[in-house]
Amino acid sequence: MNNEIRAAGKRMTRTRRAVLATLGAARYPLTPAEVYARLKHQRVAIDPVTVYRNLTALTDIGVIARLALHQEGQARYEMKEGRHHHHHIRCRRCGRVADLLLCPLKKLTAMIERKTRFVVGDHSLEWSGWCPKCQ
Ligand SMILES: [Zn+2]
Ligand SMILES: [Zn+2]
Ligand SMILES: [Zn+2]
């Protein structure tokens with residue numbers, strides 16, 4: 001457990017901890033609906049609005065990150081711990097999202113800064129395709 005989570009722990013309700021545990025156990029970024037379904041399955045008494053509110057609060061604290069993939073109309077959330085800047089790939093058939101724990105754009109970023117004289121702050125890049133199950 002890192003310091004951010006420990007600091008957040010003081011303000012952590014049981015619900016918030018349950019939401020966090022769900023994201024921690026997931027192997028890919030989850031939508032609020034998926035978090036809700038998993039908590040309900042574990043018989044945690046919670047409603048979708050509370051799930052959403054907790055996800056927002058945990059994002060504000062900085063413990064989790066919110067992803068908005070452009071091919072989807074909904075946000076996904078994932079744990080921040082142990083993960084720096086990275087990218088994602090999404091399955092076109094089932095919608096599953098996987099982490100690509102790397103960034104191939106360092107050289108390109110340097111070139112863009114040289115050409116535009118901008119200082120690059122951020123970029124977004126995502127792939128889509130077919131996951132092993134959907135091929
Ligand atoms: Zn798939
Ligand atoms: Zn990710
Ligand atoms: Zn990148």
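Order of listing sets the numbers, starting from 1, for every ligand and every atom in it.
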Tell me, yes or no, whether the heavy-atom count around His41 atom NE2, taken from other residues, nucleotides or ligands under 6.0 Å, exceeds 12. no

Under 2.8 Å from the Zn ion (ligand 3), which protein N, O or S atoms are there? Could you list them by chain and number? His85 NE2, His87 NE2, Cys103 SG, His123 NE2

Can you list the steps and then say if Leu30 with Leu23 is a side chain to side chain contact (heavy atoms under 4.5 Å, CB included)? CA-CA 7 Å; Leu30 300 179; Leu23 288 179; 4.0 Å; yes

Do the rings of His123 and His87 sit parallel, tilted or perpendicular, given the 30° and 60° boundaries? parallel

Flag this pair as yes if the NZ/CZ of Arg38 is under 6.0 angstrom from the six-membered ring centre of Tyr28 and inside a 45 degree cone about the axis; otherwise no. yes

Pair Arg66 + Glu78: basic N to acidic O under 4.0 Å: no

Output for pair (Arg92 CZ, Ser128 OG), nearest 0.5 Å, gives 3.5 Å

Close side-chain approach of Tyr77 and Leu67, heavy atoms under 4.5 Å: no

With rounding to 10 degrees, His88 NE2, the Zn ion (ligand 2) and Asp99 OD1 define an angle of 100°

min-distance N/O/S atom, Glu78 vs the Zn ion (ligand 2), resolves to OE1

